[in-house]
Each structure stands twice: as C-alpha cells, then as structure tokens.
Colleague: 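Could you have a look at this structure, given as structure tokens, before my questions?
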Number of protein chains: 2
Amino acid sequence: MKKTIFVFSVLIVALLVLFQLSKYTYMSGDISIEIIIAIIAITFFFIGAYLKAKTTKKEVDNPNQVDYKKIEELGISKREYEVLVQISKGLSNQEIAEILFVSESTVKTHVSNLLIKLNAKRRTQALQIAKELQILAY
Amino acid sequence: MKKTIFVFSVLIVALLVLFQLSKYTYMSGDISIEIIIAIIAITFFFIGAYLKAKTTKKEVDNPNQVDYKKIEELGISKREYEVLVQISKGLSNQEIAEILFVSESTVKTHVSNLLIKLNAKRRTQALQIAKELQILAY
DNA sequence: AATGGCCTCATACTAAAGTACCAAAAGCAT
DNA sequence: ATGCTTTTGGTACTTTAGTATGAGGCCATT
C-alpha cells in the first residue's frame, strides 16, 4: 500500500514537471511540439508497462514460491526438506541416498518423519500435500 | 508475431493522429496544451499497461494447462490418463481401484503401461515427467 | 555437564509398488 | 464379421517403500 502511494505521487510530480517543461521548451522554440508529445507518450507507455508488471508479478510468483514459514511450523528439518525436494524430482530412496551422501536407511528415516509431519501415507501424497501447502515449488 | 506487428502499426497511427490533433486543437485555441499532454499521457499509460498484460498472460496461463496433443502422441489412453491423475492426487493403487471401480490388478496394469509410455521407473518420476511435458495440471 | 534436537545408520519387519505374462471381454472401424 | 485397440483381470514374482525400534555422534542451549 505504501508503495502504491509512493508510485502515484511520483507519477503526479512527473506529470507536473512535464507540463512545465513543455511550456518552457515550446515558448523558447528550441524543441517542436511533436517531440515533446512523443517523449511524453513513450514515457507513460513504459510507466504503464512497468506498473502493470509490478502488480501482476505477485500473482505470477505466488504459486511458484516456497513458504518457508510453513516448513518451520511443520517442524520439517533442513535434511528432511532436502529429501522432500529429491522425492519431488521422482527419485528413489537409493538414488536420494547417493545424492545426499548418506545410506538408504537414513533416507528412509527422513521419509518416515516427513510422512508423519505432512500427515501423508505415501510419498506421492506427501508431494500433493506439500504443493498444496506451498512448501514445494512446481 | 503477426499480432506484434499489428499492435505496433496501430500505435504509430495513433501517435500520428495525436500529432495532428494536437496541432489543430492548439492552433484553434479550443483546448489548452496541458489537457492534450494529459490525454496523451493517460492514453499511452494504458496502452503500455495493456501490452504488458498481453505479453505476460501467456506465461501465467501456460504452465497450468494440459497439452492433450502430447498425451495422444505418447499413446496414453483415457483410462491410463485417469489413473495418472489419481496418482498425482497421492492415491495408492488400491484407492485408485476403488475410485475407478476396477480391481487393483487393472490399476497396476495401467500404471505399468504409463511408466513405459512416460519412460519412468517410478510413479513419482512419472509425475515429474508428466508435469514437465505439461500433461498434468498443477 | 546435561539436555534436547538433529543426523546418522542398522536390523527386521510389513506393506505397497512394479514386472512379466497371459487371457478374455468390450468397443470400434473397415 | 474380422481385426485392432482398450480395458479388464489374474497369478506369481521381484523390488521399493515404509514402520518400528534402538543407538551413537554432533552441536547448541541451559
């Protein structure tokens, strides 16, 4: 909200500056009216594009971002989360073990803890729940 | 591409029209220069916003849609796809069997065929590949 | 120094998942 | 009607996945 007010304030100031500038340059006869209008058009074209990008950015990013607070809330540890990420890549416990340089037993332990914390019965269900909770990026 | 050319053509024409309009109205003295500039600013502000929205829309929609052509290309049947959808919901073979009113054996057959067609070793990998191929919605 | 949380690993299970192979019924297009 | 694909289902088997339990090491906090 504060940002919105700031942006619009800047916009209004810019508009007023352009008014004065246009008057001055037109009076002095240095620059033709066409160029002034062109500059204004281009300027506001990019301002419009920029603001639209800003407002839509959150909608675009939101479903693709990880809610780290929720991970903490669920009591999921760093290592457990790493395992979860590997599961989402479709890897087996053995493959995850090799990537994380631990034994398959360790991976199984992490997976079991994950299933409990995510209240899931299977790893596929864990993935679905994790995505619903925005814990995993797509 | 064709759209882009069309849009920019319209933009240039609009700009030229505004040039002439500004000249005429300024000469006749009906409207002050400030109002002309304001109109141009507002107009191009919205044009910029509109174009930005157009270009980002595809990026937003794209990752959330199903590519049915690709499903056909892979030779995945209706029933097999139904099973794939249930897998993505985190269900077990037994649960899928109950939902689709078939035996667990049938589900296993479908899953095996799916894994071959998606070139996956596990159901979790099948999910990852399916999402990469945009066969599954998020 | 003791406590608690995390990571590690092992053993011994049980439960799913997945493979291979076969086969019959159903739906569909020529 | 005759192929063709899909769907269905079974048996027998192997491989992963997941549970339960215990235990040692590490590290930060108290």
Side-chain angles (χ1 to χ4, degrees), chain A residues 66-133 135-136, chain B residues 66-133 135-136:
Chain A
V66 175
D67 189 346
Y68 291 104
K69 292 173 191 169
K70 207 160 277 172
I71 295 174
E72 274 189 53
E73 280 175 30
L74 293 167
I76 294 173
S77 70
K78 279 151 284 171
R79 212 56 169 163
E80 283 164 359
Y81 185 72
E82 286 181 293
V83 169
L84 181 61
V85 170
Q86 299 304 321
I87 289 175
S88 76
K89 291 180 181 173
L91 303 183
S92 67
N93 289 338
Q94 183 56 55
E95 288 169 340
I96 294 170
E98 286 167 15
I99 288 176
L100 299 182
F101 297 104
V102 292
S103 75
E104 197 193 338
S105 298
T106 305
V107 175
K108 282 187 176 185
T109 305
H110 289 321
V111 172
S112 275
N113 290 332
L114 269 172
L115 294 182
I116 292 167
K117 289 172 183 176
L118 286 172
N119 197 27
K121 290 174 186 171
R122 284 163 291 283
R123 48 171 57 204
T124 48
Q125 195 183 9
L127 289 179
Q128 191 267 323
I129 291 170
K131 275 162 190 170
E132 216 165 50
L133 295 175
I135 277 176
L136 272 177
Chain B
V66 176
D67 189 347
Y68 292 103
K69 292 174 192 170
K70 207 159 278 172
I71 296 174
E72 274 188 54
E73 279 175 30
L74 293 167
I76 294 172
S77 70
K78 279 152 283 171
R79 212 57 168 162
E80 283 164 1
Y81 185 72
E82 286 181 292
V83 170
L84 180 61
V85 170
Q86 298 305 321
I87 289 175
S88 76
K89 291 180 181 173
L91 302 185
S92 68
N93 290 337
Q94 183 57 53
E95 287 169 341
I96 295 170
E98 286 166 16
I99 288 175
L100 299 183
F101 297 105
V102 293
S103 74
E104 196 194 337
S105 297
T106 305
V107 175
K108 282 188 175 185
T109 305
H110 289 320
V111 172
S112 275
N113 290 331
L114 268 171
L115 294 182
I116 292 167
K117 289 171 183 175
L118 286 172
N119 197 28
K121 289 175 186 169
R122 284 161 292 281
R123 47 171 57 203
T124 48
Q125 196 182 8
L127 289 179
Q128 191 267 322
I129 291 170
K131 274 162 190 172
E132 216 165 50
L133 295 175
I135 276 177
L136 272 177

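Every heavy atom of this structure was used, including side-chain atoms; hydrogens, water molecules and symmetry mates were not. Order of the sequence lines fixes the chain letters, A, B, ..., with proteins taken first and strands second; residue numbering starts at 1 for each chain.
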Colleague: What's B:S105 touching, base or sugar-phosphate or nothing? Going by heavy atoms closer than 4.0 Å.
Modeller: base
Colleague: Can you name the atoms? Protein N/O to nucleotides 17-20 of chain C N/O, anything below 3.5 Å, with the distance.
Modeller:
residue, atom, partner, partner atom, Å
C:dA17, OP2, B:N93, N, 3.0
C:dG18, OP1, B:R123, N, 2.7
C:dG18, OP2, B:R123, NE, 2.8
C:dG18, OP2, B:R123, NH2, 3.4
C:dG18, N7, B:K108, NZ, 3.3
C:dG18, O6, B:K108, NZ, 2.8
C:dT19, OP2, B:S112, OG, 3.0

Colleague: Scan B:S77 against the nucleic acid and name what it touches under 4.0 Å (heavy atoms): base, sugar-phosphate only, or nothing.
Modeller: sugar-phosphate
Colleague: Could you give the CZ-to-C1' distance, from A:F101 to C:dC9, as a whole number of Å?
Modeller: 17 Å
Colleague: Could you tell me the separation between the CD atom of A:E80 and the P atom of C:dT8, rounded to a whole number of Å?
Modeller: 10 Å
Colleague: Assess the side chains of A:T109 and A:S112: does a donor N or O sit below 3.5 Å from an acceptor N or O?
Modeller: no
Colleague: Is there a side-chain contact between B:H110 and the phosphate of D:dT7, meaning an N or O under 4.0 Å from OP1 or OP2?
Modeller: no
Colleague: Please test B:E82 against B:R79 for salt bridge (charged side-chain N to carboxylate O under 4.0 Å, His left out), starting from the C-alpha separation and ending with a verdict.
Modeller: CA-CA 5 Å; B:E82 286 181 292; B:R79 212 57 168 162; 3.0 Å; yes
Colleague: Decide whether A:E132 and A:Q128 meet the rule of one side-chain donor and one side-chain acceptor closer than 3.5 Å.
Modeller: yes
Colleague: A:K78 has a side chain; which of C:dC7, D:dG9, D:dT7 sits nearest to it?
Modeller: C:dC7
Colleague: Calculate the interatomic distance between B:L74 atom CG and D:dT6 atom P; express it in whole Å.
Modeller: 13 Å
Colleague: Mind calculating the distance between CG (B:L100) and C1' (D:dT6) to the nearest angstrom?
Modeller: 15 Å
Colleague: Looking at B:E80 and B:I76, would you say the former's side chain and the latter's main chain have a donor-acceptor pair under 3.5 Å?
Modeller: no
Colleague: Which whole-number value in Å describes the distance from B:I76 CD1 to D:dT6 P?
Modeller: 12 Å
Colleague: OP1 or OP2 of D:dG9 less than 4.0 angstrom from a side-chain nitrogen or oxygen of B:T106, does that happen here?
Modeller: yes
Colleague: Would you kindly give the CZ-to-P distance between A:R79 and D:dC27, to the nearest whole Å?
Modeller: 14 Å
Colleague: Checking side-chain contact (heavy atoms from CB on, under 4.5 Å) for the pair A:I96/A:V111: CA distance, chi angles, key distance, verdict?
Modeller: CA-CA 11 Å; A:I96 294 170; A:V111 172; 5.6 Å; no
Colleague: How many whole angstroms separate atom OH of A:Y81 from atom P of C:dC6?
Modeller: 17 Å
Colleague: Would a distance-only check, ignoring hydrogens and angles, find a side-chain to backbone donor-acceptor pair under 3.5 Å from A:E95 to A:L91?
Modeller: no
Colleague: Any sub-3.5 Å donor-acceptor pair from B:K117's side-chain atoms to B:G75's backbone N or O?
Modeller: yes
Colleague: Atom NZ of B:K117 and atom C1' of D:dT7: how far apart are they, to the nearest Å?
Modeller: 11 Å
